[in-house]
Protein chains: 2
Amino acid sequence: MDAITIKDIARALNLSTSTVSRALRDSYEINPETKRLVVEYAERFNYRPNPIALSLKENRSRVIGVVVPQIANNYFSQAINGIDAIAYSRGYQVIIFQSHESYERELLTVQQAVARKVDGLLISLSGGTSDVSHLRDLQERKLPIVLFDRVSKELDSFCVTADNFTGAFAATEHLIQSGRRRIAHLAIPSYISITQERLAGYRAALEKYGVPYDENLIRYSEFSQNDVEPVVNDLLNQSPDAFFAAGDRLALGCLATLKKRGIAIPETVSLIGFTNTPVADLLAPPMSTVEQPALDIGQVAAEQLINLIEGKQKLTQPGMIRMPTRMIVRESSQPVGVSKPV
Amino acid sequence: MDAITIKDIARALNLSTSTVSRALRDSYEINPETKRLVVEYAERFNYRPNPIALSLKENRSRVIGVVVPQIANNYFSQAINGIDAIAYSRGYQVIIFQSHESYERELLTVQQAVARKVDGLLISLSGGTSDVSHLRDLQERKLPIVLFDRVSKELDSFCVTADNFTGAFAATEHLIQSGRRRIAHLAIPSYISITQERLAGYRAALEKYGVPYDENLIRYSEFSQNDVEPVVNDLLNQSPDAFFAAGDRLALGCLATLKKRGIAIPETVSLIGFTNTPVADLLAPPMSTVEQPALDIGQVAAEQLINLIEGKQKLTQPGMIRMPTRMIVRESSQPVGVSKPV
DNA sequence: AACGTTATCGGGAACGTTGCCGAATTTTAA
DNA sequence: TTAAAATTCGGCAACGTTCCCGATAACGTT
């Protein structure tokens with residue numbers, strides 16, 4: 001009733017399945033005339049090889065699994081876009097899994113992906129993931145894995161991230177140079193690599209300009225907007241004159257909370273986000289951001305992974321690729337007293 | 001080296017594969033003691049049934065395919081979230097495909113999905129799709145299909161959309177009641193169902209209030225921000241006093257263009273979007289929107305599809321579910337002269 | 001004339017799983 | 001005691017595909 005198989009063609013043309021198979025793959029040992037017959041028949045009845053049968057036989061699937069904390073997040077959806085583009089052009093399909101920032105979900109989805117015989121895994125660690133032994137196991141079983149964005153030093157794998165240190169340094173430097181001294185830093189959970197790197201960039205900039213580091217100005221927050229608000233409110237008790245928010249949701253949550261509290265931006269506090277929203281300059285006020293090249297990160301990560309899969313790269317060679325960020329200064333971080341740009 | 005199979009267990013315990021299989025599915029005709037042995041061994045070596053082998057055997061995959069125009073779009077990523085939640089809870093996995101608003105890509109991805117033996121298909125039509133015969137073919141081959149958001153009347157299938165007529169009517173009525181008369185309508189390509197429905201709602205509201213319908217105020221645009229700008233500029237020649245943008249990207253593109261041109265919102269023109277962005281009230285000015293319950297739409301669509309797959313619903317019974325929209329009035333559509341809300 | 005080549009094709013196994021059929025042993029019933 | 005029934009398991013085929021190994025001709029070579 002359904003799709004035509006190689007068997008059907010064999011039966012119809014009075015051939016064996018092996019002959020049909022070889023004819024379709026243009027084997028040299030098949031009579032050109034026979035080939036013609038087979039190919040014509042296959043086309044007429046719209047034959048498509050069954051990828052599932054192939055997967056079972058060859059123990060590979062031409063599928064790469066992507067595990068992200070959240071699809072509904074501009075950064076990740078753009079990264080997925082990059083992944084998808086590369087995968088498509090190199091003949092792979094993409095299965096997307098969400099970990100919902102939960103370690104347990106991440107474990108589960110990774111297992112499912114492996115069960116589905118993905119040829120490789122592209123992961124951005126969940127916020128709840130501090131232990132990466134589940135990934136290490138897979139790596140030891142020779143499954144190609146590439147981490148992107150939320151990477152981990154605990155794992156000797158290929159990593160692709162934004163240049164978090166430099167980006168955070170630039171953002172902090174910019175805030176200092178525009179006259180801010182008490183710069184609050186809003187970060188995602190601390191054990192994630194990018195948190196550390198951004199914090200390091202932040203501290204390095206403070207140090208360069210002799211601004212004292214105050215632990216009370218650092219806060220870690222979960223990802224939903226509801227989680228951000230109390231943290232920002234708490235930070236406000238430390239009388240900061242700037243906010244440096246290290247993430248998409250954090251920046252928007254921070255902006256929302258500040259507006260709700262009626263705190264003037266940038267007159268009272270400056271704000272700069274480490275984020276990826278395309279609407280930054282439509283916001284009120286237009287939000288300064290350190291932009292991450294999400295699409296590029298996705299592309300590079302996918303390329304690395306497929307190279308690993310196809311053996312074009314040594315499995316044992318871990319590597320870290322840092323993609324440059326771009327700081328875009330908008331109104332939300334203007335120095336006080338400076339007229340607004342048009 | 002890799003994952004353990006039922007054969008390995010059979011060999012290790014000196015049983016046949018069928019016995020092991022039945023032991024694992026808790027068949028009544030297996031000795032409890034044997035069962036215990038098998039289950040323990042399976043657990044100890046972390047046995048997972050091979051879904052690919054199962055797919056091949058049973059000609060089903062417990063996977064549902066989702067085809068959307070774009071992942072990096074708030075509406076769709078939220079809908080996918082809803083789909084994912086339902087699929088997960090009912091034991092299905094989700095494979096996401098992007099059509100990139102291209103008919104050819106849609107054809108291709110749908111074929112791939114079918115080749116992968118998805119148990120059902122959840123589709124939001126691409127902007128380039130006017131012919132749906134590829135889907136009709138699949139339907140005739142008894143593949144469960146549910147359309148969501150961008151549906152088509154040409155197809156006798158289950159559809160889940162927002163209540164576009166009512167939403168558009170409400171938006172237009174609101175604009176009229178706040179003193180606007182020349183209301184420009186920015187829509188996605190015309191042959192898509194939601195375009196028609198929203199246009200109908202728009203016209204019905206005009207009619208109710210005796211506002212003349214002017215064809216010149218209607219424009220169709222592609223989806224990227226670059227496409228929107230010239231269309232908005234063109235519309236401005238018709239001296240509209242309001243914009244009703246029927247989509248996520250359109251609304252943001254419209255806002256960006258108006259700001260670029262220095263046109264005061266809402267003093268000179270009003271703006272209301274039919275969209276799903278969570279940052280609407282952080283924009284400058286906060287943007288009025290007709291919100292679509294994207295998550296709910298995804299959930300309902302997924303539920304319907306799984307019901308179809310599992311035969312809990314007649315395949316022949318087409319149906320249309322309209323989810324209510326919610327209009328949120330913000331600053332961008334305030335009547336002129338009204339003081340801004342706090 | 002005997003043998004090796006070449007061209008062209010078929011048979012069978014394997015990938016992991018389930019389900020049908022049957023077989024062996026033990027238990028139950030008449 | 002003997003047939004019937006229940007219990008417990010193994011063998012085999014099948015899903016679609018590829019690949020290894022042969023098989024059969026026709027042909028050319030010594």
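Naming convention: chains lettered A, B, ... in sequence-line order (proteins, then strands); numbering from 1 in each chain.
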message: With no hydrogens and no angle check, just 3.5 Å: does a side-chain donor-acceptor pair link A:Y75 and A:D149?
response: yes
field: Results of salt bridge (charged side-chain N to carboxylate O under 4.0 Å, His left out) for B:K35 - residues two or more places apart only
entry: B:D26
task: Taking only the side-chain nitrogens and oxygens of A:Y28, find out if one of them lies under 4.0 Å from OP1 or OP2 of C:dC9.
output: no
field: Under 3.5 Å donor-acceptor, B:S27 side chain and B:A23 backbone
entry: no
query: By a strict heavy-atom criterion of less than 4.0 Å, which residues belonging to residues 7-21 of chain A are in contact with DNA chain C?
result: A:N14, A:L15, A:S16, A:S18, A:T19
query: When you measure from every atom of DNA chain C, which of residues 50-57 of chain B have a heavy atom less than 4.0 Å away?
result: B:N50, B:A53, B:L54, B:K57
task: Work out which heavy atom in B:P144 is nearest to a heavy atom in B:L308; give both atom names and the distance.
output: CB-CB, 4.0 Å
task: Check the distance between C:dT17's P and B:L24's CG and give it to me in whole angstrom.
output: 9 Å
task: Taking all non-hydrogen atoms of both residues into account, name the closest pair between B:A72 and A:N81 and its distance.
output: CB-ND2, 3.6 Å
task: May I ask you to list the residues of residues 30-46 of chain B, by number, that have any heavy atom positioned under 4.0 Å from an atom of DNA chain C?
output: none
query: Nearest-Å distance, CD1 (A:I6) to P (D:dA14)?
result: 18 Å
message: For C:dC15, does the base pair up with any side-chain atom of A:E58 as donor and acceptor (N or O, under 3.5 Å, distance only)?
response: no
- request: Measure the shortest side-chain to side-chain distance between B:F148 and B:Q304 over non-hydrogen atoms and say whether it is less than 4.5 angstrom.
  value: no
message: Using a 4.0 Å heavy-atom cut-off, does B:R25 contact any base of the nucleic acid, only the sugar-phosphate backbone, or nothing at all?
response: sugar-phosphate
query: Is A:R150 salt-bridged to A:E101, cutoff N-O under 4.0 Å?
result: yes
- request: Using whole Å, report how far CD of B:E29 lies from P of C:dA23.
  value: 16 Å
Donor-acceptor pair, side chain of B:D8 and main chain of B:T5, under 3.5 angstrom: yes
message: Is there, by distance only and without an angle test, a donor paired with an acceptor across the side chain of A:R22 and the base of C:dG10 below 3.5 Å?
response: yes
query: Over its full length, what angle do the end axes of the helix from C:dA1-D:dT30 to C:dA30-D:dT1 make, each axis taken from five pairs and the result rounded to 10 degrees?
result: 70°
message: Test: side chain to side chain donor-acceptor pair (under 3.5 Å). Region: residues 41-53 of chain B. Which pairs qualify, not counting sequence neighbours?
response: B:N46-B:R48
Pairwise side-chain contact, B:L135 with B:E154, heavy-atom cut-off 4.5 Å (strictly under): no
- prompt: What are the two closest heavy atoms between B:V132 and B:S152, and how far apart are they?
  reply: CG1-OG, 3.9 Å
Flag side-chain contact, heavy atom, 4.5 Å: A:R116 against A:V63: no
task: Keeping the roles fixed (side chain from A:Q139, backbone from A:D156), state whether a donor-acceptor pair exists under 3.5 Å.
output: yes
